[in-house]
Asks: 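Could you have a look at this structure, given as structure tokens, before my questions?
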2 protein chains.
Amino acid sequence: MRPQALDWSVENCTIARAMAILGERWTVVVLRDIFAGIRRFDDMRQRSGIPRQVLANRLAMLVDNGVLRRVPYREPGARPRHEYRLTEKGFDLYPVLAAVAEWGNRHLADPEGPPVSIVHRDCGAEVRPVLRCAAGHDALEPREVATAPGPGARRR
Amino acid sequence: MRPQALDWSVENCTIARAMAILGERWTVVVLRDIFAGIRRFDDMRQRSGIPRQVLANRLAMLVDNGVLRRVPYREPGARPRHEYRLTEKGFDLYPVLAAVAEWGNRHLADPEGPPVSIVHRDCGAEVRPVLRCAAGHDALEPREVATAPGPGARRR
DNA sequence: TTGCTGGGTCTGTCAACGAGACTTAGGCTC
DNA sequence: GAGCCTAAGTCTCGTTGACAGACCCAGCAA
């Protein structure tokens, strides 16, 4: 039995496009730091150990793609500099980060447990991503969902 | 104000570990095809246009990391071959895929719309990942959640 | 025995990564 | 006003990974 998926073209696949941005080795680590409130070049570099050149490239690429924006700031008694902040498009990446963190925590943590967890600010309880359909059905398992051609689908 | 996040070490960061696997250019595209039911080398290659060598490397890496397993099969009148299937660890990646697809669909699709959408098998409604805390609060926005040190956290 | 098919390997080129040194602009100290 | 410090980079160069294209190999079928 031939997989149906083969009938559909993937030339305009949005997963491939997303991964052209997110799929570079350090992109998501940079985003992790930015979501954690780290906005400055040297703080990121120190914390994550990314080579300077690569960090500069990654930040520039993320700015080009509208995920980050550069914001000028000035500490008292210092010259003007700039820092990196998320755009709306960048904020929308949070579920991706959360899903990656959840998977990593479950399958790749050291025996003593994961180093960070995501919690609800109000109640302190742990947060995780769940799948929910528009009709309100909840906590779907991969086997309960299917991929369907969308409006931009092209038959081969 | 110094970001608090700088006080915590990231040497055992599970996001970085996850991205060492997922952060190679084609890994997630391979997983997309496998979740879509494509299990054989040549089908994947044809569909996604990944260079053979890279596809072979990616598959071997995913098998090494316990995300995929090789399963022998035999079509009638053909010699035995093998195909690639998800392990449990692999199935657990579904929320990551779903989150990436959702983001790509929202921000990177062509004007006519995204090529695929994920739907609930039972009711056909569109599925998307939402954040939910263990206390049952739902559909959290990035600003409503925080990262907290987990059991494996190490102070600098 | 020639060819086809699935599932690869071999080779060579070119871009990306990573380490380390160097640069630049403004403010501070003396 | 000479020299130093700091944040945020650039430059250089050797190593790794991506990609294209050719080649290989086992079994089946004509």
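Numbered from 1 within each chain, the chains take letters A, B, ... in sequence-line order.
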Asks: OP1 or OP2 of D:dA7 sitting under 4.0 Å from any side-chain N/O of A:H82?
Replies: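 So the side-chain polar atoms of A:H82 never come under 4.0 Å of the phosphate oxygens OP1 or OP2 of D:dA7.
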Asks: Ignoring backbone atoms, establish whether B:Y73 has a side-chain N or O less than 4.0 Å from OP1 or OP2 of C:dG6.
Replies: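 Negative; the distance criterion is not met.
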Asks: Take the angle between the ring planes of A:W103 and A:H107 and call it parallel below 30°, perpendicular above 60°, tilted in between.
Replies: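 Answer is tilted, since the angle falls between 30° and 60°.
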Asks: To the nearest angstrom, how far is A:R52 atom CZ from C:dA19 atom C1'?
Replies: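 So the two atoms are 11 Å apart, to the nearest Å.
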Asks: Check whether any side-chain heavy atom of A:R132 sits under 4.5 Å from a side-chain heavy atom of B:R132, and report yes or no.
Replies: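 Yes - at least one pair of side-chain heavy atoms lies under 4.5 Å apart.
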Asks: Can you say whether a donor on the side chain of B:R81 sits under 3.5 Å from an acceptor on the base of C:dG7, or the other way round?
Replies: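 It does not, because no donor-acceptor pair links the side chain of B:R81 to the base of C:dG7 below 3.5 Å.
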Asks: Select from B:V54 and A:E83 the residue whose nearest nucleotide in DNA chain D is closer to the 5' end of that strand.
Replies: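 Looking at the nearest nucleotide for each, A:E83 comes out on the 5' side.
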Asks: Are A:T14 and B:P115 side-chain neighbours, meaning at least one heavy-atom pair lies under 4.5 Å?
Replies: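 With C-beta onward as the side chain, the pair touches.
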Asks: In whole angstrom, what separates B:L59's CG from C:dG7's C1'?
Replies: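 Result: 11 Å.
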Asks: In whole angstrom, give the distance that lies between atom CZ of A:R45 and atom P of C:dA21.
Replies: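 These atoms are roughly 13 Å apart.
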Asks: Side chains of B:Y73 and B:R39: any donor to acceptor distance under 3.5 Å?
Replies: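 Note: B:R39 and B:Y73 side chains miss the donor-acceptor criterion.
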Asks: Can you identify which nucleotide, out of C:dG8, C:dA19, D:dA8, has its nearest atom closest to the A:F41 side chain?
Replies: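 When the side chain of A:F41 is considered, D:dA8 is the closest of C:dG8, C:dA19, D:dA8.
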Asks: Considering only side-chain heavy atoms of A:E24, which listed nucleotide, D:dA18, C:dG18, C:dA16, is closest?
Replies: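 Looking only at side-chain atoms, A:E24 lies closest to C:dA16.
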Asks: Could you give the CG-to-C1' distance, from B:L55 to D:dA20, as a whole number of Å?
Replies: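 It is 15 Å, rounded to the nearest whole Å.
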Asks: Could you tell me the separation between the CZ atom of B:R39 and the P atom of C:dG6, rounded to a whole number of Å?
Replies: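 So the CZ-P distance, B:R39 to C:dG6, works out to 17 Å.
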Asks: Can A:E144 and B:R121 be counted as an ion pair, charged N to O under 4.0 angstrom?
Replies: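 Looking at B:R121 together with A:E144, the answer is no, because their closest N to O distance does not fall below 4.0 Å.
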Asks: According to a strict under-4.0 Å criterion, is B:R25 in side-chain N/O contact with OP1 or OP2 of C:dA16?
Replies: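 No, outside the criterion.
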Asks: More 5' along DNA chain D: B:W26 or A:R70, using each one's nearest nucleotide?
Replies: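 Closer to the 5' end of DNA chain D: A:R70.
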Asks: Under 4.0 Å: is that the gap between some side-chain N or O of B:Y84 and OP1 or OP2 of C:dG6?
Replies: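 Checking C:dG6 against B:Y84, no side-chain N or O comes under 4.0 Å of OP1 or OP2.
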Asks: Whole angstroms only, please: what is the CD-C1' distance between A:Q53 and D:dT12?
Replies: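 It is 10 Å, rounded to the nearest whole Å.
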Asks: Between C:dG18 atom P and A:I50 atom CD1, what is the distance in whole Å?
Replies: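 Interatomic distance, CD1 of A:I50 to P of C:dG18: 9 Å.
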Asks: When the distance from CG of A:D43 to C1' of D:dT6 is rounded to whole Å, what number comes out?
Replies: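 Atom CG in A:D43 sits about 12 Å away from atom C1' in D:dT6.
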